[in-house]
Number of protein chains: 2
Amino acid sequence: MPELDRIDRKILDVLQRQGRMSMTELAEHIGLSASPCAERVKRMERDGVITGYHAHVSPEALGRTLLVFVEIKLSAKSGDVFDKVRKELLHMPEVLECHLVSGSFDYLVKARLSGMSEYRHLLGDILKKLPVAAESHSYVVMEEIKETLMLAVDR
Amino acid sequence: MPELDRIDRKILDVLQRQGRMSMTELAEHIGLSASPCAERVKRMERDGVITGYHAHVSPEALGRTLLVFVEIKLSAKSGDVFDKVRKELLHMPEVLECHLVSGSFDYLVKARLSGMSEYRHLLGDILKKLPVAAESHSYVVMEEIKETLMLAVDR
DNA sequence: TCTGAAAGGGTTGATGG
DNA sequence: CCATCAACCCTTTCAGA
């Protein structure tokens, strides 16, 4: 991955905040004309620095009012099991995040659900589809203080 | 918040995946001409259904190779303390998520860091700035299986 | 609410500094 | 690596259904 200069980083900063800003306006913000600005953006898209552009939607507007984190501990830990878990969780749209963690549990899953019925269904799915799920522990979110994917660009 | 019909939901589905798609192309995808399509998008922006558009940036490209979750348990639980925690964590750019959870701990914090030195710094900040932080427990992510904010629109 | 058309503005690529 | 410019495409608005 190539180096990012100050202009690249400024572009990333702006596009992380306003992903639909026009190249013309973006160019003004960073003090460049439109063509080289657009070229830098394209280069970063090609290089995988910018991985995509996404509208963010209010979970409440879609009725997903329940946010839960689920810790899952597997009893067996073969490579096969990890692969299967990956595949299963990737295709559950209510699962927004899944990470393999070190420490006292194996997976940390974040899911947005419409209510307790969907929650019960999720847990059932996980424990049934996973070949050797042993323990699971859930945390219900009472208040969301912050949720973003925006990274500081530093400089 | 108003009802979302099938067309609205289709628009949300597409814009969550491709947030910079032109209104012309979006209109083709959903089988409408450009004007009413743009109008629907504007309406959903006004109503807070669409909360923004954001470029997503590769954490590796910015050197943020360490992803950690930190559980924080407060010893005192006055309203004052919660307010202070909120304010502090909101202004730490390395903190991507923070949630108040029920269960055996109080806050769940997700942070992307450049390494152990920044990790030490974060923990120091948290435990120093928080008036009454008692326990903290960290989980280092070994593998990221999924990370998205995209919600299923159902229908 | 939609379609279609027209005017204004944005994007893109060639050219030259 | 940047600015300029022209051709093309997109956005926005408005009339009409």
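Chain A is the first sequence line, chain B the second, and so forth, proteins listed ahead of strands; every chain is numbered from 1. Please read all numbers here as calculations on a predicted model, not as lab measurements.
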salt_bridge(B:Arg64, A:Asp154) N-O dist < 4.0 Å: yes

Stepwise ring pair (Phe, Tyr, Trp, His ring centres under 6.0 Å) check, B:Tyr119 with B:His121: CA-CA 5 Å; B:Tyr119 169 70; B:His121 201 269; over 10 Å; no

Under 3.5 Å: donor-acceptor pair, side chain of B:Arg112, backbone of B:Val95: no

Distance below 4.0 Å between B:Arg40 side-chain N/O and C:dT1 OP1 or OP2: no

d(CG, B:Asp5; P, C:dC2) in whole Å: 8 Å

Under 4.0 Å protein heavy-atom contact, by nucleotide of nucleotides 4-17 of chain C - B base, S sugar-phosphate only: B-----SB-B----

Atom-to-atom span, CG of B:Leu32 to P of D:dT11 - whole angstrom: 14 Å

Ionic contact status for A:Arg86 with B:Glu143, cut-off 4.0 Å: yes

Distance, rounded to the nearest Å, where A:Glu39 contributes CD and D:dC1 contributes P: 9 Å

Presence of salt bridge, A:Asp13 and A:Arg6, under 4.0 angstrom: no

Test: B:Asp5 and B:Arg40 ion pair at under 4.0 Å: yes

Length of the CG-P vector between A:Leu26 and D:dC2, whole Å: 13 Å

